[in-house]
Enquirer: 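Structure provided below as structure tokens; questions to follow.
Residue numbers begin at 1 in each chain, while the letters A, B, ... track the order of the sequences. Scope of the values below: all heavy atoms of this structure, side chains included, with no hydrogens, waters or symmetry mates.
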Protein chains: 2
Amino acid sequence: MQAPLGTSVIAKVGLVLRTLGTTDTAGATTSAVARDTGLPRPTTHRLLTDLADQGFVDRNADTGRWHLGPELYLLGTVAAARYDVTGHVRDVLADLAEQTGESAYFSVLRGRETVCLAECEGSFPLRSHVLYEGIRFPLGVASAGLALLAHLPGSEARDYIAATDLTTRWGRSHSRHALRSRVSATLERGYSVNPGLLVEGSWGLAAVVFDRAGRPRSALTLTGVRSRFTDERIPTLGRMLLDRAHLLSRHG
Amino acid sequence: MQAPLGTSVIAKVGLVLRTLGTTDTAGATTSAVARDTGLPRPTTHRLLTDLADQGFVDRNADTGRWHLGPELYLLGTVAAARYDVTGHVRDVLADLAEQTGESAYFSVLRGRETVCLAECEGSFPLRSHVLYEGIRFPLGVASAGLALLAHLPGSEARDYIAATDLTTRWGRSHSRHALRSRVSATLERGYSVNPGLLVEGSWGLAAVVFDRAGRPRSALTLTGVRSRFTDERIPTLGRMLLDRAHLLSRHG
DNA sequence: CTGATTATGTCCACTGAGCGGACATGTTGT
DNA sequence: ACAACATGTCCGCTCAGTGGACATAATCAG
């Protein structure tokens, strides 16, 4: 997807930084950032060097790979005073991971995306690594994205589905029809189920945390390998997620 | 100070975000951000609204004041995996505050500035509020800035002092001559003393934390009212700071 | 309540910051 | 050694970004 003519520098900065925020810990090459943002490589190169001058990105001198920079950490620390929501969450994630053996995650709603902010690895030796801190998905994708979409006010969810084509990037399993079915099923159960739609064999369940106004703002997720998500076990895991999510809704 | 012709958009973004990062929790008006960054008000307005579109800043709808935005918190959380240095620090600050009654702070070196990242309030009812999370000072200013400057390699410190005029913003007490004297005194004692140079009556002491390569990277500070920083007490406080700083140097 | 002061939002003619295809050079993998 | 991939830089072009000016709104002092 190419940045259209007229995209402002600040919008491009947003693209680049979010891309680096989603990249795994090894960092990203200049070409990879260009590819993932849809920006021409010289443009990407120039943006990255200007951002590095300001401390917003850092470049590993040995590998040439780019990372989010120290200045973002510093500003993020200041911003945490207003937005930090993970204080109590980590205890909840640890508890979920311990009791279920699966890995537990916490993601927040940001516009029309979810961002994974915290995780706690489960004890079971077979684990899914589809989720990690920083990863972003559009609404409707992954169990958190599905749970959050389902709990948006009806008109907002319908408008979003009507206006969004997820199949290009996420495949035919994310058609509008399939999405509507999954939204209905999620509302019926109270929690979402992702039956390996992103990576085959990697299953996930998620329940929504609401803000004081009753709007969905974040989600708790459990993920693991398919064999651990039996028809018998799913309702148990779902209920645990709903219980913990409800606790967080009340604490927020 | 006006941003010169040719200042890139990204450099302006850096100015604006750092300014908001330094602003107190009530936030800043558009005009205040313009004044503090030296940018024309329409330019500042446009940068702020573009940054808000990306989630990098937020505007309080009631007061019209700007704050660092949720996206910085999110990216900062991801960046913390690489740059977070406060994990053990908060225990050390809590210990210092408890044992001395003064407020304890942790600041890191960022280029030629210090940034305060963590604090723990002391129990003594009279407290200084000159320092807070997010505040930045140039090297040589405040006890942390002085301690860090003093512990830079000799040539770097000398070059910095020769090239930097701190008197414009910080007054004649920050002349080059005065700075050199304070640097010498700091090296002799091992810790710096700020005898109310920023705000009369607000005193501070700081000791440097070194990285594995032996370079100064951060500082611990104790601040309080002048009456609590007697000739008898200063060496005791200084030694405690040096002890804790040494502990952190080894842990890092 | 009024006038002064301060703040904000927007306009738009102007221009230089930012652009990206092309080329040169470097690195990596087979 | 060669192909493939990656990076760094150039520079003519152009439109994104600029900021003084103006209108409007909000706040404050008397």
Enquirer: Hey, is CZ on A:Arg169 packed in by over 12 heavy atoms from elsewhere, all under 6.0 Å?
Expert: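 It does not: A:Arg169 CZ has 12 such atoms or fewer within range.
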
Enquirer: Quick one: are A:Arg136 and A:Thr114 in side-chain contact, heavy atoms under 4.5 Å?
Expert: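 A side-chain contact is absent here, since even the closest heavy-atom pair is not under 4.5 Å.
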
Enquirer: Taking only side-chain nitrogens and oxygens of A:Lys12, does any of them come within less than 4.0 Å of OP1 or OP2 of C:dC19?
Expert: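 A:Lys12 to C:dC19 OP1/OP2: side-chain N or O found under 4.0 Å.
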
Enquirer: If you find the nucleotide of DNA chain D closest to A:Val9 and the one closest to A:Ser31, which residue's nucleotide is nearer the 5' end?
Expert: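 Whichever sits nearer the 5' end wins; that is A:Ser31.
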
Enquirer: What contact category does B:Arg59 fall into here, base, sugar-phosphate, or nothing, at under 4.0 angstrom with non-hydrogen atoms?
Expert: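 Sugar-phosphate, backbone atoms only, no base.
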
Enquirer: Got a sec? Which of residues 42-57 of chain B come in under 4.0 Å of DNA chain C, heavy atoms?
Expert: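 By residue number: B:Pro42, B:His45.
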
Enquirer: Salt bridge or not between A:Glu133 and B:Arg82? Use side-chain N to carboxylate O under 4.0 Å.
Expert: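 A salt bridge is absent here (no side-chain N lies under 4.0 Å from a carboxylate O).
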
Enquirer: Would you give a per-nucleotide map of nucleotides 23-30 of chain C, 5' to 3', where B means the base has a protein non-hydrogen atom under 4.0 Å away, S means only the sugar-phosphate does, and - means neither?
Expert: --------

Enquirer: Atom CH2 of A:Trp66 and atom C1' of D:dG8: how far apart are they, to the nearest Å?
Expert: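 To the nearest whole Å, that distance equals 11 Å.
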
Enquirer: On DNA chain D, compare the nucleotides closest to A:Ser8 and A:Thr63; which residue's is nearer the 5' end?
Expert: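 Its nearest nucleotide being more 5', the pick is A:Thr63.
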
Enquirer: For the residue pair A:Trp66 / A:Thr29, report whether a side-chain donor-acceptor contact shorter than 3.5 Å exists.
Expert: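 Their side chains do not contain a donor-acceptor pair, so the 3.5 Å distance test is not met.
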
Enquirer: Any Lys/Arg nitrogen of A:Arg18 or B:Glu71 sitting under 4.0 Å from an Asp/Glu carboxylate oxygen of the other?
Expert: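 Result for this pair is yes, salt bridge flagged.
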
Enquirer: Are any of the side-chain nitrogens in A:Glu156 or A:Arg215 under 4.0 Å away from the carboxylate oxygens of its partner?
Expert: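 Yes, A:Glu156 and A:Arg215 are salt-bridged.
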
Enquirer: May I ask you to decide if B:Ala34's main-chain N or O and B:Thr37's side chain share a donor-acceptor pair within less than 3.5 Å?
Expert: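 Flag set: sc B:Thr37 to bb B:Ala34 pair under 3.5 Å.
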
Enquirer: Can you check the B:Leu39 CG to D:dG19 P distance for me, whole Å?
Expert: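 Interatomic distance, CG of B:Leu39 to P of D:dG19: 8 Å.
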
Enquirer: Is there a donor-acceptor pair closer than 3.5 Å between any side-chain N or O of B:Arg41 and the backbone N or O of B:Ser31?
Expert: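 Not at all, since once roles are kept as given, no pair shorter than 3.5 Å links the two residues.
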
